[in-house]
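The chains referred to below are lettered A, B, ... by the order of the sequence lines, with proteins before strands, and numbering in each begins at 1.
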Amino acid sequence: MLEIKYVRQNLFEVRQMLENRNDSADLNAFEQADEKRREILAGLEALRHERNVVSDEIAGMKKNGDDATNRIIQMREVSAQIKSLEAEIAEFDEKTKDVLIRIPNMPHKSVPVGKDENDNPVLYEVGTPAEFDFTPQAHWTIGEKLGILDFERAAKIAGARFPLYLGAGALLERALINFMLQAHTTEHGYTEVLPPFMVNRNSMTNTGQLPKFEEDLFKLENRDYFLIPTAEVPVTNIHQQEILDEARLPVKYVAYTPCFRSEAGSYGKDTRGLIRQHQFNKVELVKFSHPDTSYDELEALLADAESILKKLELPYRVILLCTGDLGFSAAKTYDIEVWMPAQNKYREISSCSNFETFQARRAGIRFKGKGMKKTDFVHTLNGSGLAVGRTVAALLENCQQPDGSVVIPKALRPFMGGKERITN
RNA sequence: GGAGAGAUGGCCGAGCUGGCUGAAGGCGCUCGCCUGCUAAGCGAGUAAUUGGGGAAACCUGGUUCGAGGGUUCGAAUCCCUCUCUCUCCGCCA
């Protein structure tokens, strides 16, 4: 959420931002309701002041045994007025909040203006896609032939867009999770957490999934719980409504969780394979940073995520999301895209973002340090480190052999019980 | 599922026969004093949020004692609803 004062005083900039993001938040409704609200508030506060003063007077009179009946009668009227003004102001309050909570974050100055994903600049490429002297197979073909992925049976169990890993496939998924957690905890200084996989409405609102994107989420019936679409939600909410000690910053967490997404509106996209599933595993990095250093932290976060791909020797590139492709809550986002030989293109495998104070303001996550008179909002950041299912897909495709087997990258072998290759 | 207890400031914890309590006391923290160093000791200060005035120091209004509603001139304190936590019993991993 943007600060209400900021929106009030920078209507032009906010309007421009909405245009750059192709967003339709109703600023006019905000402007009107906000003005009306402030107008009423002035009168309301004066009346409240009167009530407070006279109530004290009445207390004094009663203490002295004086008759306070007149004042009490007079205050009855004031109280009634306060009550009606409060009802009135609540209406406009709700209207302003309703718009405010649907306004996306302001992009960082370094974010290029652009219409959609085609305008995302490629920053750099790492590694060279391997040359195959045979036609590389899609990962789902490789997986099914090796008997480690079974989408048909998964569909019987749950439906389309669910994975079923078997044997070495299940082991591979688990090994990758451990491998990533190991790297981030021991080499990059993150603290491992294992959070709830369902959260309440409030937590979803804090991180920005709600109220705008409810249709993307799985919700439990008859209970106000949602399945998490990313560990960002529970982990960022660890510190909601807290005031952190400045000396503790940055606070860094890494969490493995499954992620659940309805994928509403993506019918026909990536219908085969592990790329787009209703349920997938992800290792997520989350940081609570001092505002002054949050963009350094973003670079470091990106590097932490990249390091996994480097260790796995998978070719990838890094792109910068333009305004038209930027997520609702993010001020700046780097996507890491891994090379997929069968598709002959790069596919997103990680998304690393700085949310600045957008989520912190919604969630009430602040910090205070020595010499600070007031608290300040932290900057929250997060990034996939990495999406595990997509890593499996990339690994199967990039490491496939002419005979249909898959060679396991050296760095991963200790997590696979020493296994060097997946064969039939 | 049944029966109880509770939710107060960074933390612990009073208050809860309505007004002088934005909130005692302690811990922690900050500043000063003292001490050869450390520890101890002494003194002062220390909630958040939002509006107005001021260059600033600061002055000043409103709101906030889990959330929402009600009673009242006035509520942390009384009433109702909800959420969460804890204890005991039952059941179940």
Side-chain angles (χ1 to χ4, degrees), chain A residues 1-10 30 33-98 100-101 194-206 210-211 219-220 222-226 234 237-249 251 288 290 357-378:
Chain A
M1 189 162 61
L2 299 176
E3 189 182 9
I4 189 164
K5 213 192 306 180
Y6 175 86
V7 177
R8 195 145 61 210
Q9 293 168 357
N10 300 276
F30 168 83
D34 180 55
E35 198 175 321
K36 195 81 210 259
R37 188 188 70 88
R38 302 181 73 199
E39 197 181 299
I40 298 166
L41 189 61
L44 178 59
E45 291 199 344
L47 285 175
R48 279 173 172 166
H49 179 54
E50 186 183 351
R51 181 181 67 185
N52 290 342
V53 170
V54 177
S55 285
D56 274 356
E57 258 178 57
I58 292 169
M61 290 167 86
K62 287 213 163 178
K63 201 171 160 194
N64 293 329
D66 296 338
D67 179 28
T69 313
N70 283 343
R71 309 245 71 177
I72 288 175
I73 289 168
Q74 179 193 339
M75 275 306 103
R76 257 178 217 156
E77 210 151 299
V78 172
S79 266
Q81 278 182 55
I82 288 175
K83 203 161 276 185
S84 86
L85 281 182
E86 278 175 343
E88 205 180 327
I89 207 168
E91 196 184 308
F92 294 102
D93 215 30
E94 206 170 307
K95 276 186 193 163
T96 53
K97 281 199 182 125
D98 191 61
L100 201 58
I101 207 155
L194 186 57
F197 300 161
M198 291 183 222
V199 300
N200 56 35
R201 181 172 290 275
N202 181 243
S203 290
M204 281 292 185
T205 306
N206 286 344
L210 292 180
K219 182 177 187 315
L220 296 214
N222 305 321
R223 313 231 19 186
D224 216 14
Y225 288 145
F226 298 84
N237 275 287
I238 287 174
H239 293 299
Q240 63 166 288
Q241 298 302 132
E242 288 186 25
I243 299 171
L244 304 173
D245 184 351
E246 185 182 27
R248 277 185 65 192
L249 302 179
V251 176
F288 301 82
H290 193 286
T357 60
F358 191 85
Q359 295 178 327
R361 180 170 286 111
R362 289 177 169 226
I365 309 169
R366 293 166 292 172
F367 74 97
K368 194 169 183 179
K370 287 186 184 182
M372 284 176 70
K373 289 199 76 169
K374 294 183 53 93
T375 62
D376 200 357
F377 289 109
V378 301

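- Following rounding to the nearest Å, A/L100 (CG) and B/U50 (C1') show an atom-to-atom distance of 15 Å.
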Working note: A/D376 + A/E246, criterion side-chain contact (heavy atoms from CB on, under 4.5 Å); need CA distance, chi angles, decisive distance, verdict. CA-CA 10 Å; A/D376 200 357; A/E246 185 182 27; over 6 Å; no

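- When rounded to the nearest whole Å, the span between CZ of A/R223 and P of B/C82 equals 14 Å.
- Residue A/I4 is the one, among A/I72 and A/I4, whose nearest nucleotide of RNA chain B lies closer to the 5' end (criterion: closest heavy atom).
- Taking side-chain N and O atoms only, A/H49 has no distance below 4.0 Å to OP1 or OP2 of B/G61.
- For B/A76, there is no paired base (Watson-Crick or G-U wobble, both distances below 3.5 Å).
- Here the separation of B/U30 from B/A14, taken at their C1' atoms, is 25 Å to the nearest Å.
- Straight-line distance from the CD atom of A/E50 to the P atom of B/G62: 12 Å, rounded to whole Å.
- Annotation: side chain of A/E50 is in contact with side chain of A/Q74 (closest heavy-atom distance under 4.5 Å).
- The distance between atom CZ of A/R201 and atom P of B/U83, rounded to the nearest whole Å, is 15 Å.
- A donor atom on one side chain and an acceptor atom on the other are not found under 3.5 Å apart for A/R51 and A/S55.
- A/R48 has its CZ atom 16 Å from the P atom of B/G52, to the nearest Å.
- Comparing B/U50, B/A48, B/G51 against the side chain of A/K374 picks out B/U50 as the nearest.
- Shown here for A/S203 and A/N237, the closest heavy-atom pair between the two residues is O-ND2, 3.0 Å.
- Ring planes of A/F288 and A/H239: perpendicular class, angle over 60° (limits at 30 and 60°).
- B/G2 and B/G74 have their P atoms separated by 38 Å, with the value rounded to a whole Å.
- For the pair A/S79 and B/U72, the criterion of a side-chain N or O lying under 4.0 Å from OP1 or OP2 is not met.
- The phosphate of B/U50 has neither OP1 nor OP2 within less than 4.0 Å of any side-chain N or O from A/R38.
- Straight-line distance between the C1' atoms of B/U49 and B/G43: roughly 31 Å, to the nearest whole Å.
- Taking atom P in both B/A3 and B/G90, the straight-line distance is 16 Å, to the nearest Å.
- The stretch residues 55-65 of chain A comes close to RNA chain B through A/S55, A/I58, A/A59, A/K62, A/K63, each having a heavy atom under 4.0 Å from the strand.
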Tell me, for nucleotides 7-13 of chain B in 5' to 3' order, what letter each nucleotide earns: B for a base near a protein heavy atom under 4.0 Å, S for only sugar-phosphate near one, - for neither? ---S---

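- Across every non-hydrogen atom of A/F377 and A/F367, the tightest pair is O-CE2, 3.6 Å.
- When both distances must be under 3.5 Å, the Watson-Crick or G-U wobble mate of B/U71 does not exist.
- Both distances falling under 3.5 Å, in either a Watson-Crick or a G-U wobble arrangement, place B/A3 opposite B/U87.
- Rounded to the nearest Å, the gap between the C1' atom of B/G53 and that of B/G45 is 26 Å.
- The C1' atoms of B/G54 and B/C33 are separated by 35 Å, rounded to the nearest whole Å.
- With B/U49, B/G51, B/G74 as the candidates, the nucleotide lying closest to the side chain of A/T375 is B/U49.
- Comparing A/F377 and A/Y225 by the nucleotide of RNA chain B that holds the closest heavy atom to each, the one mapping nearer the 5' end is A/F377.
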Stepwise salt bridge (Lys or Arg N to Asp or Glu O under 4.0 Å) test for A/D34 and A/K95: CA-CA 8 Å; A/D34 180 55; A/K95 276 186 193 163; over 6 Å; no

Evaluate side-chain contact (heavy atoms from CB on, under 4.5 Å) for A/R201 paired with A/K219, printing each intermediate quantity in order. CA-CA 10 Å; A/R201 181 172 290 275; A/K219 182 177 187 315; 3.7 Å; yes

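- At the phosphate of B/U50, neither OP1 nor OP2 sits under 4.0 Å from any side-chain N or O atom of A/K5.
- For the pair A/Q241 CD and B/U64 P, the computed distance is 16 Å after rounding to whole Å.
- Residue-level contact check: A/R71 touches neither bases nor backbone, having no heavy atom under 4.0 Å from any strand.
- Of the C1' atoms belonging to B/A56 and B/G18, the separation is 42 Å, rounded to the nearest Å.
- For A/E45 against B/G61, a side-chain-to-base donor-acceptor contact under 3.5 Å is present.
- Judged by Watson-Crick or G-U wobble contacts below 3.5 Å, the nucleotide B/C42 has B/G32 as its partner.
- For B/G19, the OP1/OP2 oxygens have no side-chain nitrogen or oxygen of A/N52 closer than 4.0 Å.
- We find that CD of A/E246 is positioned 17 Å from P of B/C29, with the value rounded to whole Å.
- Distances shorter than 4.0 Å separate none of the side-chain N or O atoms of A/R51 from OP1 or OP2 on B/C73.
- Judged by Watson-Crick or G-U wobble contacts below 3.5 Å, the nucleotide B/G25 has B/C12 as its partner.
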Carefully, step by step, assess A/R361 and A/I4 under the rule side-chain contact (heavy atoms from CB on, under 4.5 Å). CA-CA 11 Å; A/R361 180 170 286 111; A/I4 189 164; over 6 Å; no

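- Exactly one residue among A/R37, A/K36, A/R38 makes a salt bridge (Lys or Arg N to Asp or Glu O under 4.0 Å) with A/D93. That residue is A/R37.
- The base-pairing partner of B/C20, taking Watson-Crick or G-U wobble contacts with both distances under 3.5 Å, does not exist among the strands shown.
- Regarding A/D245, its CG atom lies at a distance of 20 Å from the P atom of B/U46, rounded to whole Å.
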Audit row: A/L85, A/I40, side-chain contact (heavy atoms from CB on, under 4.5 Å) steps and yes/no: CA-CA 7 Å; A/L85 281 182; A/I40 298 166; 3.9 Å; yes

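- Nearest heavy-atom pair, A/K374 versus A/K368, reported as atom, atom and distance to 0.1 Å: O-CG, 4.2 Å.
- Atom C1' of B/U71 sits at a distance of 40 Å from the matching atom of B/C58, rounded to the whole Å.
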